[in-house]
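Since the structure comes first, as structure tokens, the remarks are kept for the end.
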Amino acid sequence: MVYEEAIKAGFAYGYVVSDCLANGASLPSMMDVYASAHKLGRAPKMNHSALQKVDEYFDWICARDNFSRGEKANYDPALYEHQIPGGMISNLCAQLATMGISHKEAEILEETARVREDLSYPILVSPFAQYIVTQAVLNVMQGERYKTIPDEIKLYLKGYYGRLAGYPKC
């Protein structure tokens, strides 16, 4: 959907991947973007037959090596609240599954948005994304907000990583 809006707005370039690697926490499918461009009356400068060959090759690799394929992710408006990067969400989901607590994912994501707000919205890039999610997991799993506060969060609040964007609520 984002790429369709970008095409409508006149963007000429975007990152894409082959179908079997696309979607989920990855980039959109090159074939879907190509089709969207045509649907919107644009003439993409991509060689459709070459794209199909690339797509078929990687699909063959996935089949040969029994790799999982990308799945279309449903639109999740919560993404704009918690803003956890896609790769981190994939890792978080895998770790929650390993620990047998996948059922806590939605609660942890909601808590992540609250922790970000409490800490005056730090940018969610490494290492801050990990700090925020770790604090959210601790809050949810311990059943009490900020019962345990990792040293990295304390250092952040003391300005160790630079000036804070605002005044934290906690």
Side-chain angles (χ1 to χ4, degrees), residues 1-98 102-117 119-137 156 161-166:
M1 291 169 54
V2 170
Y3 273 49
E4 281 193 13
E5 292 303 316
I7 292 167
K8 289 177 192 174
F11 281 75
Y13 300 98
Y15 291 103
V16 294
V17 294
S18 67
D19 278 352
C20 64
L21 302 174
N23 306 311
S26 184
L27 296 166
S29 156
M30 61 187 171
M31 300 309 281
D32 289 349
V33 172
Y34 186 90
S36 292
H38 271 287
K39 180 178 82 176
L40 295 169
R42 303 292 169 105
K45 295 178 182 175
M46 302 188 296
N47 181 327
H48 190 264
S49 64
L51 291 178
Q52 283 182 310
K53 287 179 185 176
V54 168
D55 212 37
E56 289 167 5
Y57 172 75
F58 283 109
D59 191 59
W60 174 76
I61 295 287
C62 282
R64 182 193 72 187
D65 295 343
N66 200 28
F67 291 143
S68 60
R69 289 168 169 73
E71 296 178 15
K72 289 211 190 270
N74 292 326
Y75 170 70
D76 181 7
L79 172 66
Y80 296 99
E81 296 295 322
H82 60 69
Q83 295 191 6
I84 299 172
M88 267 198 73
I89 288 183
S90 298
N91 290 338
L92 175 64
C93 293
Q95 290 170 350
L96 294 177
T98 299
S102 293
H103 61 283
K104 296 279 190 180
E105 178 186 345
E107 189 178 354
I108 289 168
L109 294 177
E110 288 174 20
E111 180 61 15
T112 299
R114 287 192 291 274
V115 169
R116 283 193 68 233
E117 180 182 6
L119 301 180
S120 78
Y121 299 100
I123 188 169
L124 285 188
V125 297
S126 291
F128 299 113
Q130 289 85 348
Y131 301 165
I132 301 301
V133 172
T134 298
Q135 184 66 62
V137 170
Y156 165 77
Y161 300 106
R163 192 169 151 213
L164 303 183

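The model shown is predicted, which means the values in this text are computed figures rather than measured ones. Along the sequence shown, residues carry numbers from 1.
- Residues Val133 and Ile84 are in side-chain contact: their nearest non-hydrogen atoms beyond the backbone lie under 4.5 Å apart.
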Would Arg116 and Gln83 count as a side chain to side chain contact (heavy atoms under 4.5 Å, CB included) here? Give the steps. CA-CA 9 Å; Arg116 283 193 68 233; Gln83 295 191 6; 3.7 Å; yes

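- Taking every heavy atom of both residues into account, Ile7 and Val33 meet most closely at CD1-O, 4.2 Å.
- The shortest non-hydrogen separation linking Ser102 to Ala97 is OG-CA, 3.2 Å.
- Taking all atoms of both residues into account, the shortest heavy-atom contact from Ser49 to Asn47 is OG-OD1, 2.9 Å.
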Take Val54 and Met30, measure what side chain to side chain contact (heavy atoms under 4.5 Å, CB included) needs, and give me the verdict at the end. CA-CA 10 Å; Val54 168; Met30 61 187 171; 3.8 Å; yes

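- A salt bridge does not link Glu56 to Lys53: none of the charged nitrogens lies less than 4.0 Å from a carboxylate oxygen.
- Using a distance-only test at 3.5 Å, with no hydrogens or angles considered, no donor-acceptor pair links the side chain of Asp55 to the main chain of Ser18.
- Annotation: the span from Gln130 atom CD to Gln135 atom CD amounts to 14.0 Å, rounded to 0.5 Å.
- The side-chain heavy atoms of Gln52 and Met31, taken from C-beta on, include a pair separated by under 4.5 Å.
- The number of heavy-atom neighbours closer than 6.0 Å to OH of Tyr161, taken from other residues, nucleotides and ligands shown, is above 12.
- The two atoms that bring Arg42 and Gly10 nearest to each other are NH1-CA, 3.7 Å, heavy atoms only.
- Residues Ile132 and Pro122 have side chains in contact (heavy-atom distance under 4.5 Å, counting atoms from C-beta outward).
- Separation of atoms CG (Asn66) and CD1 (Ile61) is listed at 13.0 Å; rounding is to 0.5 Å.
- A salt bridge does not link Arg114 to Glu117: none of the charged side-chain nitrogens sits closer than 4.0 Å to a carboxylate oxygen.
- Leu119 is not listed as a side-chain neighbour of Phe128, based on a closest heavy-atom distance of 4.5 Å or more.
- Surrounding CD1 of Ile123 are at most 12 heavy atoms belonging to other residues, nucleotides or ligands under 6.0 Å away.
- Between Phe58 and Phe67 the shortest side-chain heavy-atom distance does not fall below 4.5 Å.
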Set out, in order, the CA-CA distance, both residues' side-chain angles and the distance that settles side chain to side chain contact (heavy atoms under 4.5 Å, CB included) for Tyr156 and Ser120, then state yes or no. CA-CA 11 Å; Tyr156 165 77; Ser120 78; 3.8 Å; yes

Stepwise, does the side chain to side chain contact (heavy atoms under 4.5 Å, CB included) test hold for Leu92 with Leu109? CA-CA 10 Å; Leu92 175 64; Leu109 294 177; 4.1 Å; yes

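- A heavy-atom distance below 4.5 Å is not found between the side chains of Cys20 and Trp60.
- Proximity of Glu111 to Val137: side-chain heavy atoms (C-beta onward) are nowhere separated by under 4.5 Å.
- Atom CG of Leu21 is separated from atom OG of Ser29 by 10.0 Å, given to the nearest 0.5 angstrom.
- A donor-acceptor pair shorter than 3.5 Å cannot be found between the side chains of Tyr3 and Tyr15.
- If you take CD on Glu105 and CD1 on Ile89, they are separated by 7.5 Å, rounding to the nearest 0.5 Å.
- Minimum interatomic distance between Ala136 and Thr112 (heavy atoms only, all atoms of both residues): CB-OG1, 3.3 Å.
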